[in-house]
S.K.: 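I'd like to ask you about the structure that follows.
The analysis underlying the following values was restricted to heavy atoms, covering all of them including side chains, and did not include hydrogens, waters or symmetry mates.
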Amino acid sequence: PAAGWLLMRRRPAYAAAGALTRLTAALLAVTGGAHLGLALHAPSEPVTAGLFLANGVLFLALAYLSFSWRWWRLAAGLLLVPTIAAYLVYLGFGWEGPDQAGLAVKLVELCALGLVMVPARAGRGFRRGLRWTGATAALLLMTLLTSAVPWAASFRPAAASAEHGHGGNPVTVVEEYDRPATPADQAAAERLLADVRAAIAGYGDPRAAYAAGYRQVSGPGDPLAHWQNEALRPRDGHVDTHHPTGLVYGSTRHGPVLLGAFFQMSKIGERGPDLAGPLVLWHHHTNICIAPVPGLIAGLNSPFRGCPFLSVAISGPAMVHVWTVANPGGPFAHDLDPNFVRQLINS
């Protein structure tokens, strides 16, 4: 909307401008509008919101002036570089995470910076080559930093815990209980584990699971293969503990090993029933990548919140894992311990 408004306001000047100026102005308007939108979503952080607001106004002003002000390219460069650098500083200190919105805005800003840095007067001979070389090197450096810092930030211990994503965007959302566990909860948890152990005892061989209606939904090569039986999804908020929705196999050198089972609700946003109070917590993933054909889990979002080619990111329905192996995190942890998985694969 901001870009469209500016173009309407400067229609004659826009028509008379060159293609590079038009495209750069549009990119500046887009990032300006994005910063204004981000300012509205950060009311609890006045300093950050103020910076977003100032950036948004300045970018929109530069987009407006790009058709008439002689020094707009220099001003745009002087605004784009510290804006991108500030984002990297926020990532480096853990004040923000590389969420989709932030990375998309940085991509727009890098494109705008590249266009701004195209020499207006190419010159001749050595001077021409020097200008192009300097502009190219500077843009490559900014692109490298803008890629490397978010990637490095994803390995921060808090970010790598698989419980929380970046910038306050969780990738695994676990429900919370405001009461301690009771003896009744402990008894219910023990019954649940016993029921699941008995229910999946005959599925050590994946062929038996296939015969029972389970189908693999994770991609080939996944060290943790997920099998699922759609007919066994809980209905009407009721979980049949003797018929798990899915099974999880670990890929080892000696073949697949059954690690446990899971229950998954039928609809996204549907709350799972109370199974054992705070001892068995439902969770859902927000970073699942689904391949439209053949409809399998293609993996999880990368630290850049991107999915593999021809797959889309979705949030999954609420689910509960029941691990029947000695998972260090316990039988109802929402994931297997990474060290345990590595030892299993290499065993």
Side-chain angles (χ1 to χ4, degrees), residues 1-7 20-66 72-118 135 138-154 156 159 164-171 286-287 301-307 312-313:
W5 178 83
L6 284 172
L7 294 181
L20 286 181
T21 300
R22 296 180 188 180
L23 180 56
T24 307
L27 293 176
L28 292 174
V30 168
T31 192
H35 278 86
L36 292 181
L38 291 171
L40 296 176
H41 285 80
S44 60
E45 302 176 12
V47 175
T48 302
L51 291 174
F52 281 144
L53 179 62
N55 263 25
V57 171
L58 289 174
F59 276 124
L60 290 176
L62 283 173
Y64 186 83
L65 295 172
S66 60
W72 73 271
R73 289 159 56 90
L74 175 61
L78 293 176
L79 180 60
L80 285 165
V81 171
T83 298
I84 297 172
Y87 178 71
L88 300 183
V89 170
Y90 265 65
L91 292 184
F93 283 94
W95 301 334
E96 187 178 339
D99 58 277
Q100 267 185 334
L103 290 170
V105 172
K106 294 310 120 180
L107 178 59
V108 172
E109 291 170 2
L110 283 171
C111 292
L113 181 62
L115 295 176
V116 165
M117 296 176 68
V118 173
L139 182 61
L140 287 176
L141 178 61
M142 290 297 296
T143 303
L144 177 62
L145 288 174
T146 308
S147 301
V149 173
W151 187 265
S154 69
R156 188 179 294 114
H164 298 282
H166 311 282
N169 296 319
V171 296
T286 65
N287 64 332
N301 284 353
S302 72
F304 290 97
R305 293 297 186 268
C307 282
V312 295

S.K.: Going by side chain to side chain contact (heavy atoms under 4.5 Å, CB included), name the residues that satisfy it together with Leu107, two or more places apart in sequence or in a different chain.
M.R.: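 Once residues adjacent in sequence are excluded, the partners of Leu107 under the side chain to side chain contact (heavy atoms under 4.5 Å, CB included) criterion are Cys111.
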S.K.: With a 4.5 Å cut-off on side-chain heavy atoms, are Tyr87 and Val105 touching?
M.R.: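 Not touching, per the 4.5 Å side-chain cut-off.
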S.K.: How long is the straight-line distance from CE of Met142 back to CD1 of Ile84, given to the nearest 0.5 Å?
M.R.: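 CE of Met142 is found 4.0 Å from CD1 of Ile84.
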S.K.: Are any side-chain N or O atoms of Ser66 and backbone N or O atoms of Ala63, one a donor and one an acceptor, separated by less than 3.5 Å?
M.R.: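 Confirmed, Ser66 side chain pairs with Ala63 backbone.
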S.K.: Sequence neighbours excluded, which residues qualify as side chain to side chain contact (heavy atoms under 4.5 Å, CB included) partners of Leu20?
M.R.: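 Leu20 satisfies side chain to side chain contact (heavy atoms under 4.5 Å, CB included) with Leu115, Val118 only.
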S.K.: Please output the side-chain donor-acceptor pairs of residues 25-40 that fall under 3.5 Å, not counting sequence neighbours, one pair per line with the distance.
M.R.:
{"unit_1": "Thr31", "atom_1": "OG1", "unit_2": "His35", "atom_2": "ND1", "d": "3.4"}
{"unit_1": "Thr31", "atom_1": "OG1", "unit_2": "Glu109", "atom_2": "OE2", "d": "2.8"}
{"unit_1": "His35", "atom_1": "ND1", "unit_2": "Thr31", "atom_2": "O", "d": "2.7"}

S.K.: To the closest 0.5 Å, what do you measure between CG (Leu88) and NZ (Lys106)?
M.R.: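 With rounding to 0.5 Å, CG (Leu88) is 8.0 Å from NZ (Lys106).
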S.K.: List the residues meeting side chain to side chain contact (heavy atoms under 4.5 Å, CB included) with Leu79, not counting sequence neighbours, and say none if there are none.
M.R.: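 If we apply the side chain to side chain contact (heavy atoms under 4.5 Å, CB included) test to Leu79, skipping adjacent residues, the hits are Asn55, Leu58, Phe59, Leu62, Thr83.
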